[in-house]
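Have a look at the structure below before the remarks.
Just so you know, these numbers use all the heavy atoms, side chains as well, and skip hydrogens, waters and symmetry mates. Within every chain, numbering begins at 1; the chains are lettered A, B, ... in the order of the sequence lines, protein sequences first and strands thereafter. Computed from a predicted structure; not experimentally measured.
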Amino acid sequence: MSIQNIEQRIFNSEDFKNFFTELVTPIIGVLIFLILWSFLAPKVVTSLGAIPGPKQVYSQFLALVDEHKNERHKETAFYKRQEIRNSKKLAKNPEAIIKTRKYAGNPTFFDQILTSIITVMAGFLLAAIIAIPIGIVAGLSKTVYAALNPLVQIFKPVSPLAWLPIVTMIVSATYVTSDDAWFDKSFLNSAITVLLCCLWPTIISTAVGVTNVTKDLQNVSHVLRLSWWTHVRKIVLPSAIPMIFTGLRLSLGIAWMVLIAAEMLSQNPGLGKFVWDEFQNGSSNSLGRIMVAVVVIGIIGFLLDQIMLFFQRKVSWDKTVSLR
Amino acid sequence: MNNIHLEITGVNMDFPTPNGPFRALEDVNLKVLKGEFVSIIGHSGCGKSTVLNIVAGLYQATAGGVILNGKEVIGPGPERAMVFQNHSLLPWLTAYENVELAVKTIFKGKKSKAEMKDWIEHNMKLVHMDHALHKRPDEISGGMKQRVGIARALAMEPEVLLLDEPFGALDALTRAHLQDSVMEIQADLGNTMMMVTHDVDEAVLLSDRIVMMTNGPAACVGETLHVDMPKPRDRIAVSEGKEYNNCRHEVLRFLYERHGKKVEVLETKEEGQKNDVVNFKQSKQINNKVA
């Protein structure tokens, strides 16, 4: 076989076509976007200067990384000083009362990212733990479904941000924090807001998944006289898993968007607060930093969805279904 | 052991519809002996499957009832295991696990783990599926799925095995294989079996008795026919015999001559016009053949 033949085979093969559509085309798309951005951005001049292009945004990203590193250095230095001070005190007088203080520096961009991720996951997981059982019961019992349906239908279209003031008031009235409490109030506010927006789609799709259990499988369950619990575990849950995951993925997507907005609105720590602070700050770097945040928010949202997709693939019994 | 095992007495079945109740069955009576193989045959929509579902306990008869071993049937249960038309295997479990679910549920506390495993494997061997124990339903053919469905039903150690058009969705060759398997199993285990079918040959080949149902609405048992052929039956040898063809003609005559024409008169009524026209045509063709 000549080299030419081999080359021809490589370039005509399905693999190559797949490689092209799956990797090269998306890269071209992104490149076109970047070119348009860097070309058009400088033409829009705002009170904070021209809109930054991709280059400036990237340099802001590097600046944020530096800031983060500096902050960490300061923090370790602070704890070191504290330790030395305390050990000196103890050396002088072994019975001296020593104080350990927490470092009170500003949270960096990366601290805010972590806060947001932890908050969204906490609210989302809590919502799943509450919503899936409710959805299963509602799907199994027409009575429960009829009772829940009007509530779900009315609360579902409400923006979770409308809940935010109520949640804030209730949390500050009922949750008394001390310095070493498990959660901050702000964390609870954001997490509960996320929970409220995840609840409804998950309940609805779980209930739909459960009602879609085929008559045949129900008959099998009847003939075997499966107990309620076994019926749920062996027949209902596996049948409903695809729909449950559809609901969960939908919820997580909404939750991430809502969380950022909630953080902006209520000044709770997180990426939303970072964006809002930069906006209020109004320095020449602000727009660039906000754009870094926008890109990071997008990437994290995408990764969260991919993680859900990964779990859906793991749990789903029907491997033939293409999951997108 | 010619004692009555299963008795259906005066069963009426009404289904609620927006235009008032629809009477599917009226005064269905049937006695099944222990170890007997009974087929129920009739035109589609006549309520054959409804009868089987009432015996299974999945439907509750509006009037009358079913007695099994001197006890009234209330609700479904494993002593009346059912083989469903479309196999009804749980798609997320392997063949083995599907049977295991039944075995674990029924023999909980009665069989040890090892005994259960043996019992599952024994039943899979009975339906010739011991080579594909750990395949999922979507990895095996339709016939194989139905074999697993039968294994699951057999594994329940049922007093009566109910088969609801078990081979209806299969191609002719696969169907023949499965019919042979069912005959083999009945010869081995001597279960009482009730099968719903619309295949005349299948009914004649497998049954001790064929129950022919009149057309709905308000269907009932029109006639019963004893198939007097020694078992085990070989499909080729039997099909050349006189008794086989007699039985076959008897059933066809009932289905198409009597109940094909009766429907013709009903044609002006609202229910199932299209079907009736088809029946009429078929009955003509068959009359010609018979003549």
Closest contact, heavy atoms only, B:F84 versus A:V220: CE1-CG2, 3.7 Å
Distance-minimising heavy-atom pair for A:D216 and B:S88: CB-OG, 3.0 Å
B:F107, CZ: over 12 other non-hydrogen atoms inside 6.0 angstrom: yes
A:K234 backbone acceptor or donor facing B:W92 side chain under 3.5 Å: yes
Closest contact, heavy atoms only, A:R225 versus B:P76: NE-O, 2.9 Å
Chain A contacts, top residue of B:N53, B:L89, B:L101, B:I106 (heavy-atom pairs, under 4.5 Å): B:L101
Part of B:A56 within contact of chain A (heavy atom distance under 4.5 Å): neither
Partner chain A: residue of B:R152, B:H87, B:Q85 with the largest heavy-atom pair count (under 4.5 Å): B:R152
Side chain, backbone, both or neither of B:E79 within contact of chain A (heavy atoms, under 4.5 Å): side chain
Within 6.0 Å of NZ in B:K31, more than 12 heavy atoms from elsewhere: no
Region of A:I241 in contact with chain B, defined by heavy-atom distances below 4.5 Å: neither
Steps toward side-chain contact (heavy atoms from CB on, under 4.5 Å) verdict (B:M156, A:L224): CA-CA 8 Å; B:M156 298 180 204; A:L224 285 173; 3.6 Å; yes
More than 12 heavy atoms from other groups under 6.0 Å of NE2 on B:H128: yes
Over all atoms of both residues, closest heavy-atom pair of B:L58 and A:V223: CD2-CG2, 4.5 Å
Within 6.0 Å of CZ in A:F311, more than 12 heavy atoms from elsewhere: no
Heavy-atom contact with chain B under 4.5 Å, split by part of A:T214: neither
